Amino acid sequence: MGQEEKSGVPQWPRVSKFILSACAATVAEMVTFPLDLTKTRLQIQGEAALRQHGPGRGPQTAYRGMLGTALGIVREEGPLKLWQGATPAVYRHIVYSGVRMVAYEQLRDVLGRSEDDSFPLWKAAIGGMLAGAVGQFMASPTDLVKVQMQMEGRRRLEGKPPRVQGVYHAFLKIVSEGGIRGLWAGWVPNVQRAALVNLGDLTTYDTVKHFLLRNTSLQDTSLCHGLASTCSGLVAATMGTPADVIKTRIMNQPRDPNGRGVLYKSSIDCLIQSVKGEGFISLYKGFLPTWMRMAPWSMTFWLSFEQIRKTMGISSF
């Protein structure tokens, strides 16, 4: 299971798996993107550092819960704004999901399976974290653009001037203010989050799926894939939300003329300020939409990914 050569099927190059992973991720991203936007808005509101930075700098209107946030966006900005920032999000997943999936399978082959064809949990954990970290580091610039574009509607309602006018303009603005290095602003919490999320997503899916195949009567079908993806979405949301909050706040903070963040010096500083000013629970702001997004995202991605592989004659993941 998971080998590239099976029953005479020719060995597929890594680029094919990259493309298939990117296609499955694009489908999942477009279906669940409004929940990602809702999560981002919830994570930003009530920032203690923003309130302390100066009077009148923080949002005047607070969102109340996931549904209230979504309805507020539709009412105040229009329904299409639920997909604001979707373009860089798709760009991100083309890079991120393509790299992480190919990297994980490569690491799985290198680290090797046990005699019973199982992949030990500790090896799966290492592979998942490394694959997620590498994929996210490469995709970090697109994630930065996505976060900033997601907050533009909120800024306009608060009477603030728009920061960006599109994906291309956002990239140019970031480079002009902080240089090429500015594209990787917030990459540390970004990579930390991706490592934790993939520890939950890739590791859980791979482990649960093959556990079910070895220990139950389930076959390698959509039912097995659905059960494994349900588990992976919950674990990924639980492990990744705190790092996601920190990442979002660092990426969205205003910057000085030298491209340095005004509110936070580092991810640790953001963590300390958030917990000190808002309490530990602030690290789980947006958890419900995060989980409600990750659950359908994970299921859509894995079901699509497995089906596309089957259709193209590539062995099951």
Side-chain angles (χ1 to χ4, degrees), residues 1-29 90-143 184 187 190-211 213-214 220 224-225 228-229 231-233 235-236 239-240 297-298 301-317:
M1 195 82 58
Q3 299 299 318
E4 290 190 35
E5 194 168 334
K6 176 184 177 183
S7 304
V9 176
Q11 184 171 347
W12 285 71
R14 296 186 187 93
V15 67
S16 298
K17 291 186 176 181
F18 180 95
I19 293 172
L20 298 184
S21 301
C23 289
T26 299
V27 173
E29 190 68 15
V90 170
Y91 291 163
R92 170 188 177 257
H93 266 290
I94 290 175
V95 178
Y96 169 64
S97 290
V99 170
R100 74 178 181 121
M101 298 304 295
V102 173
Y104 182 81
E105 288 199 74
Q106 185 66 22
L107 287 168
R108 190 169 62 179
D109 291 340
V110 171
L111 294 174
R113 294 180 178 276
S114 300
E115 293 182 0
D116 62 350
D117 198 38
S118 65
F119 195 44
L121 180 59
W122 70 269
K123 290 185 178 181
I126 293 174
M129 293 183 72
L130 286 176
V134 172
Q136 187 57 67
F137 178 78
M138 296 182 68
S140 194
T142 55
D143 209 13
W184 273 266
W187 74 267
N190 219 0
V191 168
Q192 290 170 343
R193 171 191 175 273
L196 291 172
V197 166
N198 282 278
L199 175 61
D201 184 34
L202 277 172
T203 302
T204 301
Y205 180 84
D206 194 19
T207 302
V208 171
K209 173 188 170 180
H210 290 96
F211 174 84
L213 291 176
R214 290 193 308 270
D220 195 1
C224 179
H225 304 158
S229 65
C231 295
S232 68
V235 176
M239 300 189 70
W297 194 100
S298 182
F301 173 79
W302 286 112
L303 290 176
S304 301
F305 184 57
E306 294 276 21
Q307 188 59 46
I308 292 173
R309 288 174 70 107
K310 181 179 178 180
T311 302
M312 299 301 294
I314 302 178
S315 59
S316 177
F317 179 76

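Please read all numbers here as calculations on a predicted model, not as lab measurements.
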Next on the checklist: Determine whether Ser140 and Val191 satisfy the following criterion, side chain to side chain contact (heavy atoms under 4.5 Å, CB included), listing intermediate values before the conclusion.
Outcome noted: CA-CA 8 Å; Ser140 194; Val191 168; over 6 Å; no
Next on the checklist: Could you walk me through whether Phe317 and Met101 satisfy the side chain to side chain contact (heavy atoms under 4.5 Å, CB included) test, starting with their C-alpha distance in whole Å, then the side-chain angles of each, then the deciding distance to 0.1 Å, before giving a yes or no?
Outcome noted: CA-CA 10 Å; Phe317 179 76; Met101 298 304 295; 3.7 Å; yes
Item to check | Trp302 and Asp201: CA distance, side-chain angles, deciding distance, side chain to side chain contact (heavy atoms under 4.5 Å, CB included) verdict | outcome: CA-CA 10 Å; Trp302 286 112; Asp201 184 34; 3.2 Å; yes
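Counting only residues at least two apart or on different chains, no side-chain hydrogen bond (donor to acceptor under 3.5 Å, both in side chains) pair has a member in residues 126-135. Among residues at least two apart or in separate chains, there is no salt bridge (charged side-chain N to carboxylate O under 4.0 Å, His left out) pair with a member in residues 132-141.
Between the CG atom in Leu20 and the CD1 atom in Ile308 there is a gap of 6.0 Å [rounded to 0.5 Å]. With rounding to the nearest 0.5 angstrom, the CE atom of Met239 is 7.0 Å from the CE atom of Met129. The distance from the CZ atom of Arg309 to the OG atom of Ser21 is 7.0 Å, given to the nearest 0.5 Å. The CG atom of Asn190 sits 7.0 Å away from the CZ atom of Arg92 when rounded to the nearest 0.5 Å. Atom OG1 of Thr203 sits about 7.0 Å away from atom CG of Leu121, to the nearest 0.5 Å.
Between Ser304 and Ala24, the shortest heavy-atom distance links the atoms CB-CB, 4.0 Å. Nearest heavy-atom pair across Asn198 and Gly128 is CB-O, 3.2 Å. Contact record, Leu107 with Gly127: CD1-O, 3.7 Å, taken as the closest heavy-atom pair. Considering all non-hydrogen atoms of both residues, Tyr91 and Thr142 come closest at CB-CG2, 4.0 Å. When all heavy atoms of Gly135 and Val99 are compared, the pair lying nearest together is CA-CG1, 3.6 Å. Contact between Ala236 and Val197 at its shortest, heavy atoms only, is CB-O, 3.5 Å.
The shortest side-chain heavy-atom distance between Asp220 and His225 falls under the 4.5 Å cut-off. Side-chain contact between Lys209 and Ser316 is present, with at least one heavy-atom pair separated by less than 4.5 Å. Within the 4.5 Å cutoff, no side-chain heavy atoms of Tyr205 are placed close to those of Cys231. Contact check for Gln136 versus Gln192: no side-chain heavy atoms found under the 4.5 Å cut-off.
Asp206 and Tyr104 share a donor-acceptor pair across their side chains, judged by distance under 3.5 Å alone.
Both cation-pi conditions hold for Arg100 and Phe301: the charged atom is under 6.0 angstrom from the six-membered ring centre and inside a 45 degree cone around its axis.
Using a distance-only test at 3.5 Å, with no hydrogens or angles considered, no donor-acceptor pair links the side chain of Ser232 to the main chain of Thr204. Although no hydrogens or angles enter the test, the distance criterion places no donor-acceptor pair under 3.5 Å between the side chain of Trp297 and the main chain of Gly233.
Applying the ring-ring contact (aromatic ring centres under 6.0 Å, His included) criterion to Tyr96, with sequence neighbours excluded, gives His93.
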